[in-house]
Amino acid sequence: MTAHGCVVVFDLGGVLIDWNPRYLYRKLFQHEAEMEDFLANICTAQWNLQQDAGRSFTEACAALKLEHPDKADMIDAWFERFDEMMAGPIAGTVDILAELREKESPVYALSNWSAETFPLAQRRFEFLQWFRAIFLSAEVRVVKPDLRIFKYFCEKFDLRPEQIIYIDDLQHNVEAARTIGMHAIRFRDPASLRQELVQLRLLASRAHIEHVAAWVLDLDRASSFYERWFHAASTPEYSSKMREFRSRFLSLDGGSRLELMVSPQEAPRQAHIAISVGSRPAVDRLVKEMEQAGVQIVSGPRVTGDGYYEAVIADSEGNLVEITA
């Protein structure tokens, strides 16, 4: 599948909004075990799902309080203090949503959510206004992973399942979406989601060549060559305090850079290519994935003497690649 003709449909809780009842109930219970027992046996996920399917919280809480009168205040807190269950946006996913919006990709939301509590989220999170439409389970009184909710969604917005890239944090919802023909992605973290959307050509890769490097014999002469003939702008010379090593960066139009390096231990030659992946966490994550895949890690992530955060790996031909923040 490629980006042409596709729409992206997001789940909300657990994908764009960090929702968890424990954020509230840790304030109300002194002991973690008591809280977990309450959530496992009283205000359960299945109980809450019935409100997502359209049952009112008045009815839901009243029924539970008849069974557990000693927990009445805790039960009422679910609705009365629902906002405290939302820790905030999942920033990396909101960034992805913003990029899709900037590219004018059609974006929708499809979520299990109560009609009574959703206005709290709407008032709090501006990004909920970015969708072409939001489809809630409470509207049709059917919850995921029931296949009907996916069919109702397609019918309402005149979409074909094969057009849709659907993102959800729960595997059974992902499997249901796939059953009716959607390209469904299990959300684990924003970085993994970004990678999948890049592969689908919905987002551009953030990786870019940061610079290429070469060993030279005469740093001043080599710098002057590029300054004269290519109008390169040269940085001040860097000299290592740890070893015999000097270098200079030369910037060309378009943002590309050449690093010229000199050391008595090195012969003139092309040395390495540096690829930026955008951040230190991105460097760490990529290097870890490469190591697990058997890529040769020449040196792990570190801060270099000239201030770079980088790791060095060998590509399939043995060429050195610096992965930088």
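Throughout, residue positions are numbered sequentially from 1 according to the sequence presented.
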Is any side-chain heavy atom of Gln163 less than 4.5 Å from a side-chain heavy atom of Phe157? no
Whether the side chain of Arg280 engages the backbone of Ala325 through a donor-acceptor N/O pair (distance < 3.5 Å, no angle test) should be reported. no
Note: Arg22-Glu36 ion pair, threshold 4.0 Å (strictly below): yes
Mutual orientation of the aromatic rings belonging to Tyr25 and Phe38 [parallel < 30°, tilted 30-60°, perpendicular > 60°]: tilted
To the closest 0.5 Å, what do you measure between CG (Leu260) and OH (Tyr226)? 6.5 Å
Cluster link Tyr23 to Ile75, ILVMFWY, side chain under 4.5 Å: no
Decide yes or no for Arg302 and Glu310: does some side-chain heavy atom of the first lie under 4.5 Å from some side-chain heavy atom of the second? yes
Taking atom CD of Gln265 as the centre, does the number of heavy atoms from other residues, nucleotides or ligands within less than 6.0 Å exceed 12? yes
To the nearest 0.5 Å, tell me how far Asp37 CG sits from Ile42 CD1. 6.5 Å
Are more than 12 heavy atoms, taken from residues, nucleotides or ligands other than Glu244, located less than 6.0 Å from that residue's CD atom? no
Between CD on residue Glu210 and OG on residue Ser256, distance to nearest 0.5 Å: 10.5 Å
State the CZ-CD distance between Arg248 and Glu227, to the nearest 0.5 angstrom. 7.0 Å
Over 60° means perpendicular and under 30° means parallel, so classify the ring planes of Trp215 and Phe245, tilted if in between. perpendicular
Contacts satisfying salt bridge (charged side-chain N to carboxylate O under 4.0 Å, His left out) that involve residues 132-144 (not counting sequence neighbours) are Asp11-Lys144, Glu139-Lys156, Lys144-Asp168
Heavy-atom side-chain contact between Phe125 and Met86 under 4.5 Å: yes
Is it the case that atom NZ in Lys288 sees more than 12 heavy atoms from other parts of the structure closer than 6.0 Å? no
Are the side chain of Arg148 and the backbone of Asp146 linked by a donor-acceptor contact shorter than 3.5 Å? no
Taking side chain as C-beta onward, heavy atoms only, is Met85 less than 4.5 Å from Thr117? no
Begin with the C-alpha distance, continue with both residues' side-chain angles, and end with the deciding distance and a verdict on side chain to side chain contact (heavy atoms under 4.5 Å, CB included) for Ile17 and Arg124. CA-CA 11 Å; Ile17 298 171; Arg124 186 167 162 188; over 6 Å; no
Which heavy atom in Val107 sits nearest to a heavy atom in Trp130, and how many Å separate them? CG2-O, 3.8 Å
In terms of the angle between their ring planes, are Phe153 and Phe135 parallel, tilted or perpendicular, with boundaries placed at 30° and 60°? perpendicular
Begin with the C-alpha distance, continue with both residues' side-chain angles, and end with the deciding distance and a verdict on side chain to side chain contact (heavy atoms under 4.5 Å, CB included) for Glu237 and Leu219. CA-CA 9 Å; Glu237 181 179 302; Leu219 187 58; 3.7 Å; yes
If you define the side chain from C-beta out and look only at heavy atoms, does anything of Trp47 sit under 4.5 Å from Cys61? yes
Compare all side-chain heavy atoms of Phe131 with those of Leu97 and state whether any distance is below 4.5 angstrom. yes
In this structure, would Tyr309 and Leu286 fall into the same cluster of hydrophobic residues linked by side-chain contacts under 4.5 Å? yes
Hydrophobic cluster membership, with links at side-chain heavy-atom distances under 4.5 Å among I/L/V/M/F/W/Y: are Phe249 and Leu320 in one? no
Would you tell me whether Gln46 and Thr44 have side-chain atoms, one donor and one acceptor, within less than 3.5 Å of each other? no
Which heavy atom of Pro69 sits nearest a heavy atom of Leu66, and at what distance? CD-O, 3.8 Å
Would you say CZ of Arg221 has more than 12 non-hydrogen atoms from neighbouring residues, nucleotides or ligands within 6.0 angstrom? no
Could you tell me how the ring of Trp78 sits relative to the ring of Trp19: parallel (under 30°), tilted (30 to 60°) or perpendicular (over 60°)? perpendicular
Is it the case that one hydrophobic cluster holds both Ile96 and Leu200, taking links as side-chain heavy atoms less than 4.5 Å apart, direct or via other members? yes
Verify the neighbour count for atom CG of Asp70: are there more than 12 heavy atoms of other residues, nucleotides or ligands below 6.0 Å? yes
Could you state the interatomic distance from CG (Leu147) to CD (Glu175), rounded to the nearest 0.5 Å? 11.5 Å
After noting the C-alpha distance and the side-chain angles of Thr324 and Glu322, does the key distance pass the side-chain hydrogen bond (donor to acceptor under 3.5 Å, both in side chains) rule? CA-CA 6 Å; Thr324 70; Glu322 291 182 351; over 6 Å; no
I'd like to know whether CD of Gln292 has more than 12 heavy-atom contacts from other residues, nucleotides or ligands below 6.0 angstrom. yes
Would you indicate whether the side-chain heavy atoms of Ile185 and Leu197 approach each other to under 4.5 Å? yes
Correct closest heavy-atom pair for Val9 and Leu110 would be CG1-CB, 3.7 Å
With no hydrogens and no angle check, is any side-chain donor or acceptor of Asp52 less than 3.5 Å from a backbone partner on Ser114? yes
All heavy atoms of Leu100 vs all of Leu203, minimum pair found to be CD2-CD2, 3.8 Å
So, do Glu32 and Arg26 sit near enough that their side-chain heavy atoms are less than 4.5 Å apart? yes
Stepwise, does the side chain to side chain contact (heavy atoms under 4.5 Å, CB included) test hold for Glu59 with Gln50? CA-CA 11 Å; Glu59 179 186 349; Gln50 293 181 62; over 6 Å; no
Restricting to non-hydrogen atoms, name the atom on Ser111 and the atom on Gly13 that form the minimum distance, rounded to 0.1 Å. OG-N, 4.4 Å
Are Leu170 and Ile167 joined in one hydrophobic group, where the rule is that I, L, V, M, F, W and Y side chains link up if heavy atoms are under 4.5 Å apart? no
Checking Asn112 now: which residues fulfil side chain to side chain donor-acceptor pair (under 3.5 Å) with it, not counting sequence neighbours? none
OH/Tyr308 to OG/Ser276 distance, rounded to the nearest 0.5 angstrom? 8.5 Å
Side-chain donor/acceptor of Arg186 to backbone N/O of Asp169, under 3.5 Å: yes
Determine, step by step, whether Glu266 and Met261 satisfy the side chain to side chain contact (heavy atoms under 4.5 Å, CB included) criterion, reporting the C-alpha distance in whole Å, the side-chain angles of both residues, the deciding distance to 0.1 Å, and the verdict. CA-CA 9 Å; Glu266 302 290 346; Met261 309 178 298; over 6 Å; no
Heavy-atom closest contact (Ile180 atom, Pro161 atom, distance): O-CB, 3.1 Å
